[in-house]
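Read the structure below first, then the notes.
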Amino acid sequence: SKIQRVTLIPGDGIGPEIAESVKKVFSAVKAPIEWETVVVDANTGISKEVIESIKTNKIGLKGPISTPIGTGHQSLNLGLRKTFNLYANVRPCLSVPGHKTRYDDVNTVVIRENTEGEYSGIENQPVKGVAQSIKIITKEASTRIANYAFQYAMANGRKKVTCIHKANIMKQSDGLFVKSCREVSTRYPSVKYEELTIDNNCMQLVLNPAQLDVMVLPNLYGDIVSDLCAGLIGGLGLTPSGNIGDHGTAIFEAVHGTAPDIAGKNLANPTALILSSIMMLRHLGHFYEASLIENAVLNTLSEGKVKTKDLGGQSTCTEYTNELVRKITESLNKK
Ligand code: IPM
Ligand code: MN
């Protein structure tokens, strides 16, 4: 098949190490992908070259990029989502049989509105000692993400979409979000629709995560709940995500940060970025390659012999990656 060029943004911290791991695994599986590596960091920002590359290729895979706390430039992670209007942030979270936690039946998908809410970047201090951040919720973006959530549910055999909100308090902003979701839900009679306040949702997830299926949330709630879900299955080392826009444009990335404490030490767990790259392969229609890599990951984690430190193992990022490559090569040779 035709070779697809993909923009690769390794990022900083552990980013380059885990990006290297994805490249090795993709070579092993002979994925019809060609990497175009570009740099996005605090010095370069989102350069013209990067914008051109993603515009042309339409598909990106990115590692984490550090974001300064409380000061400095707008997060480059956010900048990329906004530049390409990647309005749907899709974060599936599935229990990994090989990694034991308190729960073995987590199977949720966070569909996070990715362009507005508290992430609109409209902040100021009208007087000293008083700060405000303006949360923008529009009918247009809420309807768009609700439609995305239901379409996703239909396409992936999901039974239920739950709208998460705090409309009892934020009657205007979250009220509009809920109203938009409710309206959209009537167009999808075959998918069950429920509503839950964000606080209750957090408790329900911790009590019995299997109750929840697809969740659709405003930006900040989606950010928080996706980390909560990750915690249920063993942490951010295991959760992928995709930022999806129109006309097939998408950037896939791990949910975790740059982990500066372990950067450069060959200790990082590349699983989340590998799972993100599997989402990317499926987005591109390369189901066979996606499954080969996925099986290698799941089998390796199940066997439990080759695991990185964050999962209680002893292996380096390279050793883990080599084990995936070995398994992939073995399955290809069996064919
Ligand atoms: C995430 C991250 C980002 C976010 C940061 C790094 C801007 O936490 O992808 O969830 O808040 O969206
Ligand atoms: Mn986050």
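Every number for a ligand or one of its atoms is a count from 1 in the order of the listing.
- With 3.5 Å as the limit, one finds a donor-acceptor pair spanning the side chains of Asn77 and Lys62.
- Checked against Gln204 for a side chain to side chain contact (heavy atoms under 4.5 Å, CB included), the options Val206, Asn208, Asn200 give a single hit: Asn200.
- Every protein residue with a heavy atom nearer than 4.0 Å to ligand 1 is included here: Thr67, Ser75, Asn77, Arg81, Arg91, Arg112, Tyr119, Asp223.
- Shown are the protein N/O/S atoms under 2.8 Å from the Mn ion (ligand 2), given by residue and atom: Asp223 OD1.
- Residues satisfying the ring pair (Phe, Tyr, Trp, His ring centres under 6.0 Å) criterion with Phe252, sequence neighbours excluded, are His283.
- Comment: Glu116 does not engage Arg144 in a salt bridge, judged by the lack of any side-chain N to carboxylate O separation of less than 4.0 angstrom.
- Cation-pi check for Arg81 over Tyr119 is not met; the charged atom does not lie both under 6.0 angstrom from the ring centroid and within 45 degrees of its normal.
- A donor and an acceptor atom, one from each side chain of Tyr221 and Glu113, are nowhere located under 3.5 Å apart.
- Salt-bridge annotation for Arg158 and Asp213: present, with a side-chain N of the basic residue lying under 4.0 Å from a carboxylate O of the acidic one.
- Dense packing is recorded around NZ of Lys160, with more than 12 heavy atoms of other residues, nucleotides or ligands lying under 6.0 Å away.
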Please tabulate, one pair per line, all N/O donor-acceptor pairs under 3.5 Å involving side-chain atoms of residues 22-35, not counting sequence neighbours.
residue, atom, partner, partner atom, Å
Ser27, OG, Lys23, O, 3.0
Glu34, OE2, Arg5, NE, 3.0
Glu34, OE2, Arg5, NH2, 3.1

